[in-house]
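Read the numbers this way: they start at 1 and go in the same order the structure lists the ligands and their atoms. Just so it is clear, the model here is predicted, and its values are computed rather than measured.
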Amino acid sequence: MSAGHTAAEVRGPAPGAPAVLEPLREEFFRNAAQVDCGERDTRPGLRLLGEHDVLALGAPGNRDGHLPEAVRLIEEIAASCMSSAFSLWAQRMVIEFLELAAHSAAAREVLPGLRSGELVGCTAMASALRDVSGIEEVPVRARRVDGGLVLDGPIRWASNLFPGAVVVLPVHLGGEDRAVVCLRTTDAGVRVHDAPTLMALGATASSAVTLSGVRVPSGNVLTEDLPGFVQRFRPTFLLLQTALCSGLAGQSLRGVTPRLGGLNAVFADDAAALEARHASVRGRLLTYAAAPSTASVAELLRLRLDGAHVAGEATRLEVTVCGGAGYLAGSPANRRLREAAFLPVQSPTEGQLRWELSKYA
Ligand SMILES: Cc1cc2nc3c(=O)[nH]c(=O)nc-3n(C[C@H](O)[C@H](O)[C@H](O)COP(=O)(O)OP(=O)(O)OC[C@H]3O[C@@H](n4cnc5c(N)ncnc54)[C@H](O)[C@@H]3O)c2cc1C
């Protein structure tokens, strides 16, 4: 039995996906194996999406009403190639951050390039979420100097760390004071570490950064109200992360269905239960995306956690029904299993999601 899937199988059922994606979907699927093994990185995919003007859908906060389309776009790309979808998520979030700070000189300068995919965006905001939740302080220190800030400290993980990428990160100004700033990976004092070998997502330029005396002009300070900023971007952040989960899960479930005959009929109930949970995730995802401000923080966190669980279980079921063929490292089913393993460690991690949800219980 083959664990390979044809491009035709990638024509997913996601109803209402942006029409522009139809000709792109096969392209992402065709390149997925090369991207997975790092022979090709995710930048050409971003540029392709930029040419179709879909990188900024719904930014910021669904102001243009197109956030559901952004959800469907990410779902569809995740179904074809999670590495490309993850890079897209990061790019889209950087556009969100800069649109929320559209007054800043930096935003005005880089937003056109980010929207067109000529510039790459990197979100290093995991520590912002941890800080605002009271888990751990932002590790990058900033001191005020004439005309801006000087930064020192580590970014433990970030993706899309390609040369010249625009990085958005939180900084600690001392005491309770925080800011969110943007810089470029090519700025003086920014050291991007060599990318480690990963289980998947190796084409996303994911690694660590050390900042040593990096000067950031005041036009690059997006806000000094970190909790307020997080509150504004968090719905989009969590919804588009859930779209990664939902797209991946949907594709694995489409791989399961044709393999439920014969002996594998014993998995039919598991598959049906996962289909129902996937439908619940998608239903809530699209409802909240249409009106993000109406969903409570707990509902958004719960959705993100449910999405990661469904994706993890669906990808595991897919390799199970594929048998030995699913254990081949290069097969799409195996790739999806490895891709899904990222979802519980993506910030907010499963631990953080459960811990935060326990506070709402
Ligand atoms: C491939 C890859 C790409 C990434 N890309 C990005 C990116 O683009 N942008 C970005 O911002 N981040 C990125 N990250 C980071 C990611 O979002 C998470 O922040 C990171 O994976 C969490 O791992 P950690 O080891 O830093 O976790 P930690 O937060 O150190 O947690 C490690 C473990 O300890 C637990 N833990 C956490 N806090 C506590 C505590 N106070 N007490 C006890 N236990 C605790 C956690 O639940 C977890 O089980 C990336 C990570 C990876 C692996």
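At least one heavy atom of R130 sits under 4.0 Å from some atom of ligand 1. Taking a 4.0 Å cut-off on heavy atoms, A158 registers as neighbouring ligand 1. Not a single heavy atom of L201 sits closer than 4.0 Å to an atom of ligand 1. Residue F342 places a heavy atom less than 4.0 Å from ligand 1.
Between E69 and H66, the side chains place a donor N or O and an acceptor N or O closer than 3.5 Å (distance only, hydrogens not considered). For R108 and S104, the side-chain atoms include no donor-acceptor pair closer than 3.5 Å. Under 3.5 Å, the side chains of S212 and D152 contain no donor-acceptor pair of N or O atoms. With 3.5 Å as the limit, one finds no donor-acceptor pair spanning the side chains of S83 and E339.
Contact annotation for atom 33 (C) of ligand 1: protein absent (non-hydrogen atoms, distance under 4.0 Å). Proximity of atom 43 (C) of ligand 1 to the protein is not indicated, since no non-hydrogen protein atom lies closer than 4.0 angstrom. For atom 30 (O) of ligand 1, the nearest protein heavy atom is under 4.0 Å away. The protein does not reach atom 36 (N) of ligand 1 closely, with no heavy atom under 4.0 angstrom from it. The nearest protein heavy atom to atom 40 (C) of ligand 1 is not closer than 4.0 Å. When distances from atom 46 (C) of ligand 1 to the protein are checked, no heavy atom turns up under 4.0 Å. The presence of a protein heavy atom under 4.0 Å from atom 25 (O) of ligand 1 is ruled out. Atom 19 (O) of ligand 1 is approached by the protein to below 4.0 angstrom, counting heavy atoms only.
When the heavy-atom distances from atom 1 (C) of ligand 1 to V167, L198, L161, L353 are ranked, the shortest goes to L198. Of the candidates T204, T123, I135, I135 brings a heavy atom nearest to atom 38 (N) of ligand 1.
Counting the atoms of ligand 1 from 1 in the order shown, those under 4.0 Å from a heavy atom of A126 are 10 (C), 11 (O), 12 (N), 17 (O), 19 (O). Ligand-side atoms of ligand 1 in range of G351: 47 (O), range being under 4.0 angstrom from any heavy atom. Taking every non-hydrogen atom of A124 and a distance limit under 4.0 Å, the qualifying atoms of ligand 1 come out as 11 (O). Contact atoms of ligand 1 toward S347: 16 (C), 17 (O), 18 (C), 19 (O) (distance under 4.0 Å to a heavy atom of the residue). Close contacts between ligand 1 and M125 involve ligand atoms 11 (O) [criterion: under 4.0 Å to a heavy atom]. The T349 neighbourhood of ligand 1 comprises atoms 22 (C), with distances under 4.0 Å to a heavy atom of that residue.
Heavy-atom minimum distance, V132 versus P227: CG2-CA, 4.0 Å. Between T186 and G164, the shortest heavy-atom contact is CG2-N, 3.5 Å. What you find for S127 and V138 is that their closest heavy atoms are O-CG2, 3.9 Å. Across every non-hydrogen atom of V319 and A333, the tightest pair is CG1-O, 3.6 Å. Among all heavy-atom pairs drawn from L303 and V281, the shortest one is CD1-O, 3.6 Å. Residues V94 and T123 share a closest heavy-atom pair of CG2-N, 3.6 Å.
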ask   = Can you check side chain to side chain donor-acceptor pair (under 3.5 Å) on R335 and S331, steps first, answer last?
value = CA-CA 6 Å; R335 171 167 51 78; S331 68; over 6 Å; no
ask   = What do the steps show when you test S206 against T204 for side chain to side chain donor-acceptor pair (under 3.5 Å), and what is the final call?
value = CA-CA 5 Å; S206 298; T204 59; 2.7 Å; yes
message = With side chain to side chain contact (heavy atoms under 4.5 Å, CB included) as the criterion, how do R144 and L149 come out once you've worked through the C-alpha distance, each side chain's angles and the decisive distance to 0.1 Å?
response = CA-CA 5 Å; R144 295 185 198 276; L149 303 173; 3.8 Å; yes
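For ligand 1, the polar-atom distance check finds an N/O of S159 within less than 3.5 Å of one of the ligand's N/O atoms. Between V345 and ligand 1, an N or O atom pair is found at a separation short of 3.5 Å.
Between F237 and F233, the two ring planes are tilted [angle within 30° to 60°]. The aromatic rings of F229 and F97 are tilted relative to each other, their planes meeting at an angle between 30° and 60°.
The proximity of W89 to ligand 1, defined as any non-hydrogen pair under 4.0 Å, does not occur for either the backbone or the side chain.
For atom 28 (P) of ligand 1, the nearest protein heavy atom (residue, atom name, distance) is R156 NH2, 4.0 Å. Taking atom 14 (N) of ligand 1 as the reference point, the nearest protein heavy-atom neighbour is W157 CB, 3.2 Å.
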